Amino acid sequence: METSKALWNALEKKYKIEDAGLKKFMAARFLDFKMIDTRSVITQVQELQVIVHDLLAEGMVINEAFQVAAFIEKLPPLWKDFKNYLKHKRKEMTLEDLIVRLRIEEDNKNAEKKSRGNSTIMGANVVEEAPQNKKRKKACGPKNYPSRKKFKGKGYLNEVLLS
């Protein structure tokens, strides 16, 4: 560069382009972030907070109401009912309030899982007997002999056996 002003403009142009690229990258990270059911919601919220912090550090402005709405929208599928509950709340929440509520809900879900696990373990000790299959036993003895058939009429043998 011939002058310091030209050098300054070249450096400014280069770093502003990199800065804009970084902002786009950070915004994409925030928008693409998806919570999953297999990990702790609070851990995932903390990861999302780091991304938001990076966005704010890059000079991008995200107001708190938007952050709260975005965090609620990103809750995992198994949290659908709680997500709907939070969406219908009339009072506006701070991000801190939301995190407290999420922590309480996650603790409740974990306690419920444990109690369900204990009940299935206790239930494993209960033994139910299946109804016995009441088939006639085959007559013992050689197969050449015909099986005895029950006589249904009145006869001497039945009268003797019944008396």
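One-based numbering along the sequence shown. The structure displayed is predicted, hence computed values, not measured ones. As a basis for the values below, the full set of heavy atoms in this structure was taken, side chains included, without hydrogen atoms, waters or symmetry mates.
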In residues 70-77, what donor-acceptor pairs under 3.5 Å come from side-chain atoms, sequence neighbours left out?
{"from": "Glu73", "atom 1": "OE1", "to": "Lys87", "atom 2": "NZ", "distance (Å)": "3.2"}
{"from": "Lys74", "atom 1": "NZ", "to": "Phe30", "atom 2": "O", "distance (Å)": "2.9"}
{"from": "Lys74", "atom 1": "NZ", "to": "Leu31", "atom 2": "O", "distance (Å)": "3.2"}
{"from": "Lys74", "atom 1": "NZ", "to": "Phe33", "atom 2": "O", "distance (Å)": "2.9"}

Heavy atoms only: give me the nearest [X]-[Y] pair and the separation to one decimal.
{"X": "Leu48", "Y": "Met35", "answer": "CD2-CE, 4.3 Å"}
{"X": "Leu95", "Y": "Glu64", "answer": "N-OE2, 2.9 Å"}
{"X": "Lys109", "Y": "Leu78", "answer": "NZ-O, 3.6 Å"}
{"X": "Glu106", "Y": "Val41", "answer": "OE2-N, 2.6 Å"}
{"X": "Gln49", "Y": "Ile99", "answer": "NE2-CD1, 3.1 Å"}

**Message:** Taking side chain to side chain contact (heavy atoms under 4.5 Å, CB included) as the definition, give me every residue that meets it alongside Ala69, ordered by chain and number, with sequence neighbours left out.
**Reply:** none
**Ala6: side chain to side chain contact (heavy atoms under 4.5 Å, CB included) partners, not counting sequence neighbours** = Met1, Thr3
Using the salt bridge (Lys or Arg N to Asp or Glu O under 4.0 Å) rule, collect all pairs that involve [range], keeping only residues at least two apart or in two chains.
{"range": "residues 40-56", "result": "Arg39-Glu47"}
{"range": "residues 26-37", "result": "none"}
{"range": "residues 93-103", "result": "none"}

**Request:** Go through the structure and list residues passing salt bridge (Lys or Arg N to Asp or Glu O under 4.0 Å) with Glu112, not counting sequence neighbours.
**Result:** Arg116
**Item:** Set of residues satisfying ring-ring contact (aromatic ring centres under 6.0 Å, His included) with respect to Phe66, sequence neighbours excluded
**Value:** none
**Asked** Could you give the distance from CG (Leu102) to CG (Asp107), rounded to the nearest 0.5 Å?
**Response** 11.0 Å
**Message:** Nearest 0.5 angstrom please: Glu105 CD to Asp81 CG, how far?
**Reply:** 9.0 Å
**Fill in**
Those residues at least two apart in sequence (or on a different chain) that pass side chain to side chain donor-acceptor pair (under 3.5 Å) with Gln44 are none
**Message:** I need the full list of ring-ring contact (aromatic ring centres under 6.0 Å, His included) pairs touching residues 37-65, with sequence neighbours left out, sorted by first then second residue.
**Reply:** none
**Request:** Using the ring-ring contact (aromatic ring centres under 6.0 Å, His included) rule, collect all pairs that involve residues 77-113, keeping only residues at least two apart or in two chains.
**Result:** Trp79-Phe82, Phe82-Tyr85
**Message:** Through direct or indirect side-chain contacts below 4.5 angstrom among Ile, Leu, Val, Met, Phe, Trp and Tyr, which residues connect to Val61?
**Reply:** none
